[in-house]
Amino acid sequence: MATGVPQYRFRAVLPAAGGAPRVVQYDTVTVPVRHGLEAVDILRLRRACGSVHQTAGGSAIAFLVPAGTALGWHLPGSACTPGADLLPPTDPHWIIPPSGPQPYARPTDAWVLRSALCEAAITLTAGGLGPL
């Protein structure tokens, strides 16, 4: 777990068959803001970016990933935390907000995110902005 990086927990309630809501748990991957914004750009170009939130203090970026990702996440410079509460879709700190007719957060595929974070680290280092 990265020290000093705030951890966010997300949870969404989606409609299920028969009208009863179902709760979907997510994990979050947090990285420093510069690294995270570079990864967001990479993921947007690939059309693979899910919901992304910037911390209130602006020091970190939190990527929503599928539940269970935290069990196998080992990437230096990042932290993955399981579960918790989803922030409202109108929160001004969303970079990629929940969307759709019933706004719900969409996770980013964990392995696509890992690839984008690695590519972002290389780009930042090549530009003289690393190491992270």
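For this chain, numbers begin at 1 and follow the sequence in order. No hydrogens, no waters, no symmetry mates; every other heavy atom, side chains included, goes into these values. Source: prediction; values computed, not measured.
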May I ask you to decide if [Y]'s main-chain N or O and [X]'s side chain share a donor-acceptor pair within less than 3.5 Å?
| X | Y | value |
| --- | --- | --- |
| Arg114 | His74 | yes |
| His35 | Ala120 | no |
| Ser51 | Arg106 | yes |
| Trp94 | Pro88 | yes |

Exercise: identify the closest heavy-atom pair between [X] and [Y]:
| X | Y | value |
| --- | --- | --- |
| Asp109 | Val112 | OD1-N, 3.0 Å |
| Pro97 | Pro89 | CB-O, 4.2 Å |
| Pro66 | Ala110 | CD-N, 4.3 Å |
| Cys118 | Leu75 | SG-CD1, 4.0 Å |
| Pro98 | Ala105 | CB-N, 3.7 Å |
| Gly50 | Thr108 | N-OG1, 2.7 Å |

Among the clusters formed by ILVMFWY side chains lying less than 4.5 Å apart, do Leu37 and Phe63 turn up in the same one?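 Same cluster: Leu37 reaches Phe63 through Ile, Leu, Val, Met, Phe, Trp or Tyr contacts under 4.5 Å.
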Treating Ile, Leu, Val, Met, Phe, Trp and Tyr as nodes and any side-chain heavy-atom pair under 4.5 angstrom as an edge, say whether Leu124 and Ile42 lie in one connected cluster. no
Any chance you could lay out the side chain to side chain contact (heavy atoms under 4.5 Å, CB included) test for Leu117 and Val29, step after step, and finish with the verdict? CA-CA 10 Å; Leu117 289 171; Val29 173; 4.2 Å; yes
Close side-chain approach of Thr30 and Ile61, heavy atoms under 4.5 Å: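 They are not in contact (no side-chain heavy atoms under 4.5 Å apart), so the answer is no.
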Heavy-atom side-chain contact between Glu38 and Val31 under 4.5 Å: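 Answer no - side chains too far apart.
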Pairwise distance CZ(Arg34) to CG(Leu129) - rounded to 0.5 angstrom: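 Reported to 0.5 Å precision, the distance equals 5.0 Å.
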Trp73: which of Asp27, Leu113, Thr81, Val65 passes side chain to side chain contact (heavy atoms under 4.5 Å, CB included):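 Output: one option passes, namely Leu113.
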